[in-house]
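The basis for the numbers below is simple: all heavy atoms, side chains too, and nothing from hydrogens, waters or symmetry mates. Read the numbers this way: they start at 1 and go in the same order the structure lists the ligands and their atoms.
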Amino acid sequence: METIVKGMEGVSQAAEIIRNGGLVAFPTETVYGLGGNALDPEASRKIYAAKGRPSDNPLIVHVSCIDEVEPLVSDFPEDARRLMESFWPGPLTIIMPKAEAVPYETTGGLETVAIRCPENKVTLEFIREAGLPIAGPSANTSGKPSPTEAEHVLHDLNGKIEMILDDGPVGIGVESTIVDLTGEVPTLLRPGAITVEDLSETLGKKVEIDPAIIAGGVSEGIHPKAPGMKYRHYAPNAKMTLVTTKLLKDRDYVVTEDERAEADRQVTGCIDELVRRDEAEGLRVGIICCAETRDLYNSESDRKADIKVIGHRSEPLSMTHELFRVLREFDEDRIDRIYAESYSDRGVGFALMNRMRKAAGMTEIIAE
Ligand code: TXA
Ligand code: MG
């Protein structure tokens, strides 16, 4: 049984565990991380073992300030400094060429290292006190939704780590944006709360999007640059299916109010029908919708499906905040099938939809 300590109280003990080669789960603004000394190959091996994660999938190294980056990289591009000054502490991970000090166990054998400075007071103090960079993947069992509460960490890693620093539910709820600065052009490897538009604007140049993000990282012939993006991810136990309509798909969600209303009728109608069929077969069904569409669903009293509102679609951050928690709740409730509405890919919506598509194994139905 782990020690779980709330807030700042546990920081000194946590730092001590890290210096002694142990593992501590820590809060960030995105999701909870599973930390170990990033400079110690043995600590990285322990992290992979605790998560049940393939060891070719590199870890993100967490620092408490920009000055701590220098010893970890062999080249410090001007673009990196600019992004750090604009977005750190914050949900942005930057890939740079690694220094010798960073072991291959931490980088999954790569010559590059992913670095980020998270925006969470407890964790920044924890990194400072440890006096070491902290390797930290999301603190979930490999393949499961990332943990957004200490409780989720305990559920997945109970007995496998020394301590959990608990700072309550996270703010953003999906993992950091990853940008690779080791190629010719800056490239987005994973969408997050800092958007590709935010990055381009700060750098004053175009930022490419790794084709694997759009393909979902599972298509033949496309090899994601972030090794982690190739694995089936965030997967609930239930089979999950996204539902969209042609109206939305082909028009990039730029629709009139009438079209929007028609699209909503199509999507909710289609989901209602799918639920009816599944329930007739005795399956337990869950629905993921938004506040704007909640009342459009069939209110028949014999329908048992669990409808979960994950937020307002006009504010994607309200939905990223809830997504992983809701997926875990469906697991707890032994739901067999999940139907989820598709939302816009604009802005932070791109990060939300990326996680939803992965959770659904890229399965999407087009309603008419
Ligand atoms: O928000 C986050 O980034 C959270 C919190 C804990 O900081 N961490 C997180 O770590 O999401 P993880 O390990 O679950 O995801 C790291 C991703 C993986 O897809 C991995 O392949 C990629 O980053 N990555 C790490 N180092 C890389 C590198 N050198 N080159 C390319 N991709 C890398
Ligand atoms: Mg992860």
Worksheet item: Any side-chain heavy atom of Val243 sitting closer than 4.5 Å to one from Leu274?
Response: yes
Discussion item. Does any N or O of ligand 1 fall below 3.5 Å from an N or O anywhere on Arg53, backbone included?
Written reply: yes
Worksheet item: Taking NZ, NE, NH1 and NH2 as the nitrogens, is one of them in Glu322 or Lys308 under 4.0 Å from a carboxylate oxygen of the other?
Response: no
Practice prompt. Compare all side-chain heavy atoms of Leu23 with those of Ile47 and state whether any distance is below 4.5 angstrom.
Written response: yes
Worksheet item: Gly33 heavy atoms, cut-off 4.0 Å: which ligand 1 atoms fall inside?
Response: 6 (C)
Worksheet item: Which ligand 1 atoms are under 4.0 Å away from a heavy-atom of Pro137?
Response: 10 (O), 12 (P), 13 (O)
Response to the item:
Here the atoms of ligand 1 under 4.0 Å from any heavy atom belonging to Ile178 are 17 (C), 22 (C), 23 (O)
Fill in: Thr112, portion touching ligand 1 at heavy-atom distance under 4.0 Å
both
Discussion item. Minimum distance, heavy atoms only, to atom 8 (N) of ligand 1: which one of Ser142, Pro147, Gly136 is it?
Written reply: Gly136
Response to the item:
A student checking ligand 1 against Ser176 at a 4.0 Å heavy-atom cut-off should list atoms 1 (O), 2 (C), 3 (O)
Worksheet item: Does ligand 1 have any atom sitting under 4.0 Å from a heavy atom of Thr107?
Response: no
Worksheet item: So, is Ser138 placed with an N/O/S atom under 2.8 Å from the Mg ion (ligand 2), counting both backbone and side chain?
Response: yes
Fill in: 4.0 Å heavy-atom contact, His62 with ligand 1
yes
Fill in: Under 4.0 Å to a heavy atom of Ile60 - the qualifying atoms of ligand 1, by number
3 (O), 8 (N), 9 (C), 10 (O), 16 (C)
Practice prompt. Check each heavy atom of Lys98 against ligand 1 and say whether those closer than 4.0 Å belong to the side chain, the backbone, both or neither.
Written response: neither
Worksheet entry | Per-atom contacts, ligand 1 versus Asn57 - under 4.0 Å to a heavy atom | 18 (C), 20 (C), 21 (O)
Discussion item. I want to check something: taking the side chain as every heavy atom from C-beta on, are Ile172 and His321 in contact at a cut-off of under 4.5 Å?
Written reply: no
Practice prompt. Specify whether Phe126 and Phe26 have parallel, tilted or perpendicular ring planes, treating 30° as the upper limit for parallel and 60° as the lower limit for perpendicular.
Written response: tilted
Item to complete: Count the heavy atoms belonging to other residues, nucleotides or ligands that lie under 6.0 Å from CD of Glu262, then report whether that count exceeds 12.
Response: yes
Response to the item:
So for Lys51 against ligand 1, with non-hydrogen atoms under 4.0 Å, the contacting part is neither
Worksheet item: Is there a side-chain contact between Leu247 and Gln266, using heavy atoms and a 4.5 Å cut-off?
Response: yes
Practice prompt. Any atoms of ligand 1 less than 4.0 Å from a non-hydrogen atom of Leu110? List them with their elements.
Written response: 28 (C), 29 (N), 30 (N)
Fill in: Whether over 12 other heavy atoms sit under 6.0 Å from Glu273 CD
yes
Item to complete: Compute the shortest N/O to N/O distance between Thr28 and ligand 1 and return yes if it is under 3.5 Å, no if not.
Response: no
Discussion item. What I'd like to find out is whether the side chain of Glu42 reaches to under 4.5 Å of the side chain of Arg45, using heavy atoms alone.
Written reply: yes
Fill in: Donor-acceptor under 3.5 Å (Thr123 side chain, Asn120 main chain)
no
